[in-house]
K.L.:
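Dropping the structure in here first, questions after.
These numbers come from a predicted model, not from an experiment. Both backbone and side-chain heavy atoms feed into the values below; hydrogens, waters and symmetry mates do not. By convention in this document, chain letters (A, B, ...) are assigned in the order of the sequence lines, proteins followed by strands, and residues within each chain are numbered from 1.
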Amino acid sequence: MELSGPRWKGKNFAQIANSNPMSEIIAQLQVCLSNSESAALPIGTDFLLETVPELTKLLNRTSFGRQLTTSYDSKQYFQLSPEETFYLHHFLKCLKVSIDNAKLIDVNDLWNFMRNRSELFPIYYRAYVHLRSKNWIVKLGTKNGVDYVVYRHHPALVHSEYAVVVDWENDKGEKQSERLRVWSDLHCAVRACNGVAKAVLLLNVMGYEVNFSLPELLERTIVDERQITRWVPSQCRDDCKLEGNKGEHH
Amino acid sequence: MDGEEVSKVEGETRRRRKGKGKERGENPARNRQQNNFLPSSSLSGCQIRTEVSKARWVEEIGMAQVIEKNGSLWATTGVIRNGNLYCHIEEIGYLAQIGALVLLDDGENVMGLKDIFTKCADRRYGCTWEFFEAYRDLKSLGFIVGRHGQPWSLKHDNLKPNSNFTVDTDFIADRIEELQIGAANLIFDIYKPNSKFKKTDPGAPSFIICLVGDWPPIRKEVEYLEEKCKLVPLKFCHVNHGDVRFFSFPEVSLPVLP
């Protein structure tokens, strides 16, 4: 399918987005979070962060985490994914994390903590950094049967344009994952996503080795971006004139 | 049943049919199909044709020479070699299936569809069954389909005027290469439907088709094949038991947002 550009959810929403660049809101979040005493704590496979109204507003505006609805007014609670937690801690350098509920952890220990929990964490984090550092909003793609969905600005303003599938290969270009191994995987991804007006974006983390340190991960891998598009010849676009041949077939 | 009951049932049936009459009337072909459990056709338009051409199979070159040319379809089908028109087995298969071509063997015997289809699947003639199915799918939609990298028209000046006419097999058959099983093969140059198409000057194709085997291509393969196609867009075709689907994997560059 060919997307004709972002689908804004309301009449002036494109202007609202233009007047509120995401990079600026993220800068405000960085300041607010750095000044906050609150530290994220592991909870299940995610992280819990206790917040106050100003921080809550900024986390919502930058679409990090999921706010847990409570009946409390003075404090709010956010659930952050491992990628979001690590990105705020390592890349934006503003989130404090505590594992044992006492000491604050540093980036190397947090990296090891994340890796021990999930061997695929480095790959997903690399893809997450790639997308977030371009100021796209990144949310989980479970509903669409993919890894992530990305938005050009806040999800309240615009529909997501891409459904993201993450794949990876070593430095010889040998595919290392079981993603998209058989044809039905491709048919499935494309069908599911085209049905909700999203293009499938395949992010390939190239040059990945299992034992990479954090700096090696960021410096020695490249993220390749390709779209997976199904072409339906019978729905060829209007510049395809088929009238000339109709006479032959009837 | 007595007479009264019969007419009662008939009356009810008439009323039911009347109520559904509009539906039935709208699509009698589909109703017939459903009532007889008929599958939908792999090709629409297989009807009695008035313009039928004739070709003779030439085993040495794995192609047929067109001996009676009828209809405007030849403007975009078949290749010209030294002034003569030849067609590949997939073209023969398609035209024979829609009744536009009769194929003769080296005598005067007409070759039936079974023999023609078997030749399509034979692999000796640069075609496989899946290759043929992809060809048929695109051709029936009006696209102009040629074998990748093979010229539509060629002149050859080496024939000596006084010798017996011999067929220069290499020249005509353009080195039929056997398709590698399971691998990705560039197979077709596709031109969008165009009434001004000229075999002597076709121009660059609109896109190239790569037939892929059992496994989707990996990034490295996609890049390699794209390089071979230079700037012509590449589409990947997968044929699965008659179901022909196309994908492309264009590189994109997600913009850095403000």
K.L.:
For A:Glu54, does the CD atom have more than 12 heavy-atom neighbours from other residues, nucleotides or ligands under 6.0 Å away?
P.N.:
no
K.L.:
When you look at CZ of A:Arg66, are more than 12 heavy atoms from neighbouring residues, nucleotides or ligands closer to it than 6.0 Å?
P.N.:
no
K.L.:
Could you look at A:Leu180 and say if it's the side chain, the backbone, both or neither that has a heavy atom under 4.5 Å from chain B?
P.N.:
backbone
K.L.:
Check whether B:Phe197 gets within reach of chain A through its side chain, its backbone, both or neither, counting any heavy atom under 4.5 Å.
P.N.:
neither
K.L.:
Looking at B:Val256, B:Leu254, B:Leu138, which makes the most heavy-atom pairs under 4.5 Å with chain A?
P.N.:
B:Leu254
K.L.:
Taking atom CZ of A:Arg191 as the centre, report whether more than 12 heavy atoms of other residues, nucleotides or ligands fall under 6.0 Å from it.
P.N.:
no
K.L.:
Under 4.5 Å from any heavy atom of chain B, what part of A:Glu169 do you find: side chain, backbone, both or neither?
P.N.:
side chain
K.L.:
For residues B:Lys220 and A:Lys175, determine if any side-chain heavy atom of one lies less than 4.5 Å from a side-chain heavy atom of the other.
P.N.:
no
K.L.:
B:Phe249 and A:Trp231: aromatic ring centres closer than 6.0 Å?
P.N.:
no
K.L.:
Does any part of the side chain of B:Pro258, heavy atoms only, come nearer than 4.5 Å to the side chain of A:Asn135, both counted from C-beta?
P.N.:
no
K.L.:
Is any side-chain N of the basic residue among B:Arg219 and A:Glu174 closer than 4.0 Å to the acidic one's carboxylate O?
P.N.:
no
K.L.:
Is B:Asn240 in contact with chain A via its backbone, its side chain, both, or neither, using a 4.5 Å heavy-atom distance?
P.N.:
neither
K.L.:
Name the region of B:Ile218, side chain, backbone, both or neither, that has any atom closer than 4.5 Å to a heavy atom of chain A.
P.N.:
side chain
K.L.:
Examine whether an atom of A:Leu131 lies under 4.5 Å from a heavy atom of chain B, and if so say whether it belongs to the side chain, the backbone or both; otherwise answer neither.
P.N.:
side chain
K.L.:
Inspect the surroundings of NZ in A:Lys139 and state if more than 12 heavy atoms from other residues, nucleotides or ligands are less than 6.0 Å away.
P.N.:
yes
K.L.:
If we define contacts as heavy-atom pairs under 4.5 Å, which of A:His130, A:Arg226, A:Glu24, A:His153 has the most with chain B?
P.N.:
A:Arg226
K.L.:
For the atom pair CZ (B:Phe247) and CG (A:Leu186), what is the distance rounded to the nearest 0.5 Å?
P.N.:
5.0 Å
K.L.:
Evaluate whether atom NZ of A:Lys9 has more than 12 neighbouring non-hydrogen atoms of other residues, nucleotides or ligands under 6.0 angstrom away.
P.N.:
yes
K.L.:
Rounded to the nearest 0.5 Å, how far apart are CZ of A:Arg230 and OG of B:Ser248?
P.N.:
11.5 Å
K.L.:
Under 4.5 Å heavy-atom distance to chain B, tell me which part of A:Val232 shows up: side chain, backbone, both or neither.
P.N.:
neither
K.L.:
Can you tell me which portion of B:Ser253 sits under 4.5 Å from chain A's heavy atoms? Options are side chain, backbone, both or neither.
P.N.:
both
K.L.:
For A:Lys57, does the NZ atom sit with more than 12 other heavy atoms under 6.0 Å from it, leaving out its own atoms?
P.N.:
no
K.L.:
Can you name the closest pair of heavy atoms from B:Pro217 and A:Trp183 and give their distance?
P.N.:
CD-CH2, 4.0 Å
K.L.:
Below 4.5 Å, heavy atoms only, C-beta onward: do A:Pro233 and B:Asp137 meet side chain to side chain?
P.N.:
yes
K.L.:
Just so I know, are the side chains of A:Asp224 and B:Glu251 near enough to count as touching, which here means a heavy-atom distance under 4.5 Å?
P.N.:
yes
K.L.:
Nearest 0.5 Å, what's the CZ-CG distance between A:Arg152 and B:Leu257?
P.N.:
6.0 Å
